[in-house]
2 protein chains.
Amino acid sequence: MPPRDQINHQCPIRDVLDRMGDAWSLLVMLELSRGPCRFNALRRVVDGISQRMLAVTLRHLERDGLISRQVLPLSPPQVEYALTGLGGSLIARVNLLRDWAVEHQPQVWQARAAYDARDASAEKAA
Amino acid sequence: MPPRDQINHQCPIRDVLDRMGDAWSLLVMLELSRGPCRFNALRRVVDGISQRMLAVTLRHLERDGLISRQVLPLSPPQVEYALTGLGGSLIARVNLLRDWAVEHQPQVWQARAAYDARDASAEKAA
DNA sequence: CAGTATCCCCAAGGATACTG
DNA sequence: CAGTATCCTTGGGGATACTG
């Protein structure tokens, strides 16, 4: 199996979901949807992200035109990341998905509990 | 870092996106949204999925109440998988995301091309 | 047919160190 | 501050074989 990046780019839904799929892209975009932010500030607020993954994630998002990167000519250097219009429109759709999650989470949890209960009793029977 | 399954279950959006994130869940649900289907039929149509991952994926989706599993008392045994109402409502939201992808894919591609071009000329300069 | 069990590999990503 | 380079580990997932 080839690495994820090399496949499925003919399928538009996978193209976007591969990006959403990795834990960090979404969290970073969600954070940037609250306003522009610099590298280390993001690092602190995204909680748990490694320096490497933040850099990689930002490169990906920037390449896809979802965020912008602006270097401020200062010393020490400062770089501001911000959501683009394109990124903002994506986040809007993602929020619809989050709304679904919030709305239906009780049902999902209930389903899981029911499944696990059935599972446990089936195992006991064996 | 603990494995993905053990964390972020307090965050509803991650809970659903972790599921969407793995390549197969979505493809399987999308296929089932076209009608009920049996194991090996799914295997053939989902293209590229291994027997193991199909089984694992189906278990997950079933546990979350997104699909149903019905064993038909026949010989040889037959098992029909189908999208539940819950699963259907999720797919509806996912389709909104797909619509975004279809609609904005040109912009994303254009952004990538621009980025890569800048990247290449920057590299040549060095 | 519809799975489970086992083995095994590899690339995603963390930790650490260094640079403009 | 904002990264890049390097090394190393781990668990996701493929291949294969077996079962009710």
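Here is how names work: the chains are called A, B, and so on, in the same order as the sequence lines, proteins then strands, and each is numbered from 1.
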A.B. asks: To the nearest Å, how far apart are Glu62(A) CD and dG3(D) P?
C.D. replies: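 Rounding to the nearest Å, CD of Glu62(A) and P of dG3(D) are 9 Å apart.
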A.B. asks: Across all strands, who's sitting opposite dG20(D) as a Watson-Crick or G-U wobble pair, both distances under 3.5 Å?
C.D. replies: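 Because both required distances fall under 3.5 Å, dG20(D) counts as paired with dC1(C).
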A.B. asks: Which heavy atom in Trp100(A) sits nearest to a heavy atom in Leu86(B), and how many Å separate them?
C.D. replies: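 Closest heavy-atom pair between Trp100(A) and Leu86(B): CZ2-O, 3.7 Å.
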A.B. asks: Quick one: Leu61(B) CG to dG3(C) P, roughly how many Å, whole number?
C.D. replies: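 Those two atoms, CG and P, are 13 Å apart.
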A.B. asks: I want to verify a distance call: between dA2(D), dG3(C), dG13(C), whose nearest atom is closest to the Asp22(A) side chain?
C.D. replies: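 Side chain of Asp22(A) sits closest to dG13(C).
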A.B. asks: For the side chain of Arg52(A), starting at C-beta, report the closest nucleotide among dA2(D), dA2(C), dT6(D).
C.D. replies: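 Ranking dA2(D), dA2(C), dT6(D) by closest atom to the Arg52(A) side chain puts dT6(D) first.
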A.B. asks: May I ask you to say whether Asp116(A) pairs ionically with Arg63(B), meaning some side-chain N is under 4.0 Å from a carboxylate O?
C.D. replies: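 A salt bridge is present here (some side-chain N lies under 4.0 Å from a carboxylate O).
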A.B. asks: Does any donor-acceptor pair link the side chain of Gln51(A) with the base of dG3(D) at a separation under 3.5 Å?
C.D. replies: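 Yes, a donor-acceptor pair under 3.5 Å.
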A.B. asks: Return the pairing partner of dG14(C) with a 3.5 Å limit on both distances, Watson-Crick or G-U wobble; otherwise return none.
C.D. replies: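 Here dG14(C) is engaged in a pair, and the nucleotide opposite it is dC7(D).
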A.B. asks: Between dG3(C), dA2(D), dG14(D), which one does the side chain of Asn40(A) approach most closely?
C.D. replies: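 Nearest to the side chain of Asn40(A) among the choices is dA2(D).
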A.B. asks: Ignoring the backbone of Val79(B), work out which of dG3(C), dT4(D), dC1(C) is nearest its side chain.
C.D. replies: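 Selected nucleotide (nearest to the side chain): dG3(C).
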A.B. asks: Does a salt bridge link Asp64(B) with Arg59(B), judged by any charged N lying under 4.0 Å from a carboxylate O?
C.D. replies: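 Here Asp64(B) does not pair with Arg59(B) in a salt bridge, since their nearest N and O are not under 4.0 Å apart.
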A.B. asks: Closer than 4.0 angstrom, basic N to acidic O: yes or no for Asp15(A) and Arg112(B)?
C.D. replies: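 So Asp15(A) pairs with Arg112(B) through a salt bridge.
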A.B. asks: Strictly distance-based, threshold 3.5 Å: is any side-chain N or O of Arg93(B) a donor or acceptor partner for the main-chain N or O of Leu96(A)?
C.D. replies: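 At least one qualifying donor-acceptor pair exists.
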A.B. asks: Calculate the interatomic distance between Met53(A) atom CE and dT16(C) atom C1'; express it in whole Å.
C.D. replies: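 Rounded to whole Å, this separation is 16 Å.
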A.B. asks: On DNA chain D, does the nearest nucleotide to Phe39(A) precede the nearest nucleotide to Ile49(B) from the 5' side, or the other way round? Give the residue.
C.D. replies: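 Per heavy-atom nearest nucleotide, the more 5' residue is Phe39(A).
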A.B. asks: Just compare dG20(D), dA2(D), dT4(D) and give me whichever is closest to any side-chain atom of Pro77(B).
C.D. replies: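 Of the candidates, dG20(D) comes closest.
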A.B. asks: Within the structure shown, what part of the strands sits under 4.0 Å from Arg69(B) by heavy-atom distance: base, sugar-phosphate, or nothing?
C.D. replies: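 The residue Arg69(B) makes sugar-phosphate contact but no base contact.
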A.B. asks: To the nearest Å, how far apart are Arg43(A) CZ and dG14(C) P?
C.D. replies: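 Taking CZ of Arg43(A) and P of dG14(C), I get 11 Å after rounding.
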A.B. asks: His104(B) and Ser89(A): which non-hydrogen atoms are nearest, and at how many Å?
C.D. replies: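 Shortest heavy-atom separation between His104(B) and Ser89(A) comes out as NE2-OG, 3.8 Å.
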A.B. asks: Between Gln78(B) (CD) and dG20(D) (C1'), how many Å, whole number?
C.D. replies: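 Going from Gln78(B) (CD) to dG20(D) (C1'), I get 16 Å.
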A.B. asks: Which of these nucleotides, dG3(C), dC1(C), dT4(D), is closest to any side-chain atom of Arg38(B)?
C.D. replies: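 Nearest to the side chain of Arg38(B) among the choices is dC1(C).
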A.B. asks: Round to the nearest Å and state the distance from Leu42(B) atom CG to dG3(C) atom P.
C.D. replies: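 Distance, rounded to whole Å: 10 Å.
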A.B. asks: If the cut-off is 4.0 Å, is Tyr81(B) near the phosphate of dG3(C), judged by side-chain N/O to OP1 or OP2?
C.D. replies: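 Yes.
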A.B. asks: Between Leu54(B) (CG) and dA15(D) (C1'), how many Å, whole number?
C.D. replies: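 Rounded to whole Å, this separation is 16 Å.
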A.B. asks: dG3(C) P sits how many Å from Leu58(B) CG, rounded?
C.D. replies: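 The answer, rounded to whole Å, is 7 Å.
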A.B. asks: So if I take every side-chain heavy atom of Trp24(A) and compare against dG14(C), dA15(D), dC1(C), which nucleotide ends up nearest?
C.D. replies: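 So the side chain of Trp24(A) is nearest to dG14(C).
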